[in-house]
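Below is one structure, written out as structure tokens; comments come after it.
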Amino acid sequence: MIAVIVPAHNEAADIGRCLESITVAARHPGLRGEPVVAVVALDACTDKTPDVCLHHGAVAISIEARCVGVARAAAANHALGLGARWIASTDADTHVPSDWLWKQANLGADAFCGVVEVRDWLDYPAAVRQAFAGREHAREGHRHIHGANMGVSAAAYREVGGFPPLVTGEDVALVQALQRSGALIAWRARPVVTTSARRSARAPHGFSGFLRALEREVLEAGATLLPSRELAR
């Protein structure tokens, strides 16, 4: 069977859409009926996230870590206990495409690393969107690592010891461990997932933090250029 792991801390507003997209991906004909289980790690949740998970038929486990690395590892370990051969990872504010599981689990690789697109840029200026598009480079052979769009075989995951208990960067650490082990990693431009540009970060220095840092960089660069432009006039 295939497992999809999702760390969640007070994600009642978003996780329903995520779980719905996983359900659609689980029905892809290419999987030929292979079972798919969504495992959500409820990390110190105080909202209705557990109820949403129950409504969508996800397996929910509770932890009190306030740490995405611990949450992702807990969900992965539970998935292994259920007999998963492949562990796909995403985030609660992310929407996966219908071919997401079929493609990554049948690449013939030990792991898959994909890219992300932002579905709603909210109040971010256009310059930030352009900067992100320039950096994400959604092409074959990219070297981006996103916990929202990755997967790994159970064997490779066990060999490297799984996700480390980091408050951020647990996805990068896992992929680096896989690289050191000699695992075959498929760096693919497709399938791509869509995620949010929310400013309320769940993990420090995670994707939300990256976007806000990119915004500061873009705005500071614009402020630096302004005097020279005025002088040119």
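Throughout, numbering of the chain's residues begins at 1 and tracks the sequence. As a basis for the values below, the full set of heavy atoms in this structure was taken, side chains included, without hydrogen atoms, waters or symmetry mates.
You'll find the side chain of V218 stays beyond 4.5 Å of the side chain of F132, heavy atoms only. Put simply, the side chain of C113 reaches to within 4.5 Å of the side chain of V175, judged on heavy atoms. By the 4.5 Å heavy-atom criterion applied to side chains, V68 and V167 are not counted as neighbours. Considering only heavy atoms from C-beta on, I185 stays 4.5 Å or farther from D110 through its side chain. At a threshold of 4.5 Å between non-hydrogen side-chain atoms, the residues F163 and Y157 count as touching. Contact of the C53 side chain with the L42 side chain is registered, since non-hydrogen atoms from C-beta on lie closer than 4.5 Å. Side-chain contact check for T94 versus V116: every heavy-atom pair is 4.5 Å or farther apart. Using a 4.5 Å cut-off on side-chain heavy atoms (C-beta onward), K103 and R188 make no contact.
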Stepwise side-chain contact (heavy atoms from CB on, under 4.5 Å) check, V193 with E117: CA-CA 6 Å; V193 304; E117 293 177 350; over 6 Å; no

Derivation and outcome, side-chain contact (heavy atoms from CB on, under 4.5 Å), residues R119 and R17: CA-CA 13 Å; R119 66 174 179 267; R17 186 172 184 269; 3.5 Å; yes

Worked verdict on V4 versus V37 for side-chain contact (heavy atoms from CB on, under 4.5 Å): CA-CA 6 Å; V4 182; V37 177; over 6 Å; no

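Scanning both residues, D47 and P50, for their nearest heavy atoms gives O-CD, 3.5 Å. Listed here is the closest heavy atom pair of A84 and M1: CA-SD, 3.1 Å. The minimum heavy-atom distance linking V40 with A8 is given by the pair CG1-CB, 3.8 Å. When every heavy atom of A71 is checked against every heavy atom of I63, the shortest pair comes out as CA-CD1, 3.4 Å. Across all non-hydrogen atoms, the minimal contact from P191 to P97 is CB-CG, 3.8 Å. Here the shortest heavy-atom pairing between V52 and A12 reads CG2-O, 4.0 Å.
R143 CZ: more than 12 foreign heavy atoms inside a 6.0 Å radius. Enclosure of atom CZ in R85 by more than 12 non-hydrogen atoms of other residues, nucleotides or ligands within 6.0 angstrom is indicated.
Side-chain contact annotation: R72 with S89, donor-acceptor N/O pair under 3.5 Å present.
In this structure, CG on L31 lies 7.0 Å from CG on N106, to the nearest 0.5 angstrom. Taken to the nearest 0.5 Å, the CG atom of D91 stands 9.5 Å off from the CD1 atom of I5. Atom NE2 of H55 is separated from atom NZ of K48 by 14.5 Å, given to the nearest 0.5 angstrom. For the atom pair CE (M150) and CD (Q104), the distance works out to 9.5 Å, reported to the nearest 0.5 Å. Atoms CG and CG, on N149 and D171 in that order, are 11.0 Å from each other to the nearest 0.5 Å. Atom CD1 in I15 sits 7.5 Å away from atom CD1 in I22 (nearest 0.5 Å).
A side-chain donor-acceptor contact under 3.5 Å links H9 to the backbone of D43. Side-chain atoms of H56 never come within 3.5 Å of backbone atoms of A58 as a donor-acceptor pair (strictly under, hydrogens ignored). Remark: the backbone N or O of A92 is not paired with any side-chain donor or acceptor of D14 at under 3.5 angstrom. In this structure, S98 contributes its side chain and A25 its backbone to no donor-acceptor pair below 3.5 Å. Within the 3.5 Å criterion, the main-chain N or O of A148 finds a donor-acceptor partner in the side chain of T90. Using a distance-only test at 3.5 Å, with no hydrogens or angles considered, a donor-acceptor pair links the side chain of T23 to the main chain of L19.
Residue W187 is not grouped with residue V115 when hydrophobic side chains (ILVMFWY) are merged at heavy-atom distances under 4.5 angstrom, including chains of intermediate members. Hydrophobic clustering of Ile, Leu, Val, Met, Phe, Trp and Tyr side chains at less than 4.5 Å, counting indirect connections, keeps L174 apart from I2. Put simply, V118 and V128 are part of the same group of oily side chains (I, L, V, M, F, W, Y) that touch within less than 4.5 Å, one to the next. Criterion: ILVMFWY side-chain heavy atoms under 4.5 Å apart, direct or through other members. Under it, W86 and V96 are part of a common hydrophobic cluster. Grouping the Ile, Leu, Val, Met, Phe, Trp and Tyr side chains by contacts below 4.5 angstrom, directly or via other members, places W100 apart from I145.
Between H142 and H144, the angle of the ring planes stays under 30°, which puts this pair in the parallel group of the 30/60° scheme.
Salt-bridge annotation for R190 and E140: absent, with no side-chain N of the basic residue lying under 4.0 Å from a carboxylate O of the acidic one.
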